[in-house]
Asker: 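Just passing along the structure, written as structure tokens.
These numbers come from a predicted model, not from an experiment. As the structure lists them, so they are numbered: ligands from 1, and atoms in each ligand from 1. Any value given below was found using the heavy atoms of this structure, including those in side chains, with hydrogens, waters and symmetry copies removed.
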Amino acid sequence: MNVLILGSGGREHAMAWKIAQSDLLTQLFIAPGNEGTDQLGVNIKIQPTDFESVKEVVLEHEIELVVVGPEDPLVKGIHDFFLNDSELKNVAVIGPQKLAAQLEGSKEFAKEFMVRHNIPTAAYKSFTKNSLDEGFHFLETLNPPFVLKADGLAQGKGVLILNDLQEAKDELKEMLANEKFGAASSKVVIEEFLDGIELSCFVLTDGRSYVNFPNAKDYKRIGEGDKGLNTGGMGAVSPVPFADEVFMKKIEEQVIKPTVDGLQKDHIPYKGFIFFGIIKVGDEPKVIEYNCRMGDPESEVVIPRIKSDFLELLIAAGKNELHTKTIEFVNESACTVMLVSGGYPEAYEKGKVIYGLDKVEGSIAFHAGTTNKNNDVVTNGGRVLAMTSFGADFKQALKKSYQNIDKICFDKMNFRKDIGFDL
Ligand code: AMP
Ligand code: GLY
């Protein structure tokens, strides 16, 4: 079968790496891909949100299965576009339709869904420009810290956690009245602050059955000790040591099953990955957020830990046959450490030559923001490479990643030396 992966990050390189190992694969295409995916298949320089160009590629290369990496094309309705097109409607798309992608695309939609299906989450209320005063009053009834969330997609920047009531009121006004995050903050969810430790869980579902993927924990802040600005993610480990069997069972019973059942009850078709952002409060799981895609950099540890044929699972999801499949993981732990461009997550330069990739041994250097210039691999994004390793536990895995990172260099390279520090 010919497969197309949409996206260009470390997540998509990890997916390409795994799919390329499947006997079921004929040819692999990645759009737009990066220098790492170029080694595993054919990169095609189109954007995943340019649906007409995606259609041309699918028809030209007789693609039978499309895996959508990032959320943007899903929230914009790429799956619906395929279903509504007579030439594309039989192509399997892994990634939910527009309605279900609202689980990520609208915080309010997700909260209403969780309340309707009794899925544990923080108490909340949502507000618009017209209910700004009510928002102020609601903030006055809460204890700090105050959690403000832009309803829509805001490139991971739409959540503010503030200690001061006046500051929270000012920010609420900025978001609602002055559109701090554009249309994404025309509605704001204010929710109860939850104190605990976070982890991410993932399933692949066809809307009826699902398979659990390994869990993971990512490190979102740029600075060591989890300080400083939020990033897409600076590293990850899998499995998460504090998520024992009892706790994982609670997640399955209280969160995962009610979510998949809830989608069915609401008649919301869902074919693709569900990413559960969970916080452990005491011994109980609560959902912080849903994403309608795999995580990045979580994919760079989760996917390598899947022993089963990943493409076989995707094909089964496409055919509503996931109930016939089981999934096996490797027992070893995996970790990944992100190498990022100096300045990231704020302004940074691109086009820096990356040295040392040929010296990496015993780790996998997944490419995130890379491209080719005059036969050199050069940086092409904020997050550049994800150094993934296996080990008997996450500490041993990390040791290998850091040893290999020592062999890599590019101008202004930055990375966190403390991944796993809190475990
Ligand atoms: P989200 O985009 O909803 O995942 O939020 C981004 C980050 O903000 C999360 O990963 C948490 O670290 C934090 N966060 C979000 N909601 C809450 C909450 N209710 N209580 C505490 N921290 C939160
Ligand atoms: N690493 C978090 C995310 O993919 O949203």
Asker: At a 4.0 Å cut-off, with the gap strictly under it, does some heavy atom of Pro297 reach an atom of ligand 2?
Answerer: yes
Asker: Any N or O of Gly232 that comes nearer than 3.5 Å to an N or O of ligand 2?
Answerer: yes
Asker: Looking only at non-hydrogen atoms, which of Thr231, Asn291, Asp296 approaches atom 4 (O) of ligand 2 most closely?
Answerer: Asp296
Asker: Could you tell me, atom by atom, which parts of ligand 2 come under 4.0 Å of a heavy atom of Asp218?
Answerer: 1 (N), 2 (C)
Asker: Considering only the protein, which heavy-atom contact is closest to atom 5 (O) of ligand 2, and what is its distance?
Answerer: Arg293 NH2, 2.9 Å
Asker: Is the closest protein non-hydrogen atom to atom 17 (C) of ligand 1 under 4.0 Å?
Answerer: yes
Asker: Any salt bridge between Glu191 and Lys107, counting N to O under 4.0 Å?
Answerer: no
Asker: What protein heavy atom lies closest to atom 4 (O) of ligand 1? Include the residue and the distance to one decimal.
Answerer: Glu289 CD, 2.8 Å
Asker: Among all protein heavy atoms, pick the one closest to atom 20 (N) of ligand 1 and tell me residue, atom and distance.
Answerer: Leu194 N, 2.8 Å
Asker: Mind checking whether Glu289 has an N or O less than 3.5 Å away from an N or O of ligand 2?
Answerer: no
Asker: Is any NZ, NE, NH1 or NH2 atom of the basic residue among Asp72 and Lys76 found under 4.0 Å from an Asp or Glu carboxylate oxygen of the other?
Answerer: yes
Asker: Just by distance, no angles: are the side chains of Ser106 and Asp151 close enough, under 3.5 Å, to form a donor-acceptor pair?
Answerer: yes
Asker: Among all protein heavy atoms, pick out the one at the shortest distance from atom 19 (N) of ligand 1; state its residue, atom name and that distance to 0.1 Å.
Answerer: Glu191 OE2, 2.7 Å
Asker: Might you confirm whether atom CD of Gln166 has over 12 heavy atoms from other residues, nucleotides or ligands at distances under 6.0 Å?
Answerer: yes
Asker: Quick check on contacts: which atoms of ligand 2 are under 4.0 angstrom from a heavy atom of Glu298?
Answerer: 1 (N), 2 (C), 4 (O)
Asker: Using 4.0 Å as the upper bound for N to carboxylate O, is an ion pair formed by Asp206 and Arg208?
Answerer: no
Asker: Using a cut-off of 6.0 Å, state whether more than 12 heavy atoms not belonging to Glu140 lie near its atom CD.
Answerer: yes
Asker: Check each atom of ligand 2 against the heavy atoms of Gly295 and keep those under 4.0 Å away; list them by number with element.
Answerer: 4 (O)
Asker: Is the shortest heavy-atom distance from the side chain of Phe415 to the side chain of Met387 under 4.5 Å?
Answerer: no
Asker: Using a 6.0 Å cut-off, check whether atom NZ of Lys45 has over 12 heavy atoms from anything other than its own residue.
Answerer: yes
Asker: Only one of Phe273, Phe109, Phe276 clears ring-ring contact (aromatic ring centres under 6.0 Å, His included) with Tyr290; which?
Answerer: Phe276
Asker: Ignoring hydrogens, just give me the one of Lys149, Lys107, Arg221, Glu104 whose non-hydrogen atom is nearest atom 2 (O) of ligand 1.
Answerer: Lys107
Asker: Do the charged groups of Asp393 and Lys399 touch, with an N to O distance under 4.0 Å?
Answerer: no
Asker: What protein heavy atom sits nearest atom 7 (C) of ligand 1, and how far away is it?
Answerer: Val159 CG1, 4.5 Å
Asker: Tell me the protein heavy atom at minimum distance from atom 10 (O) of ligand 1, and give that distance in Å.
Answerer: Glu198 OE1, 2.8 Å
Asker: Is there a polar contact, in the sense of an N or O pair closer than 3.5 Å, between Ile161 and ligand 1?
Answerer: no
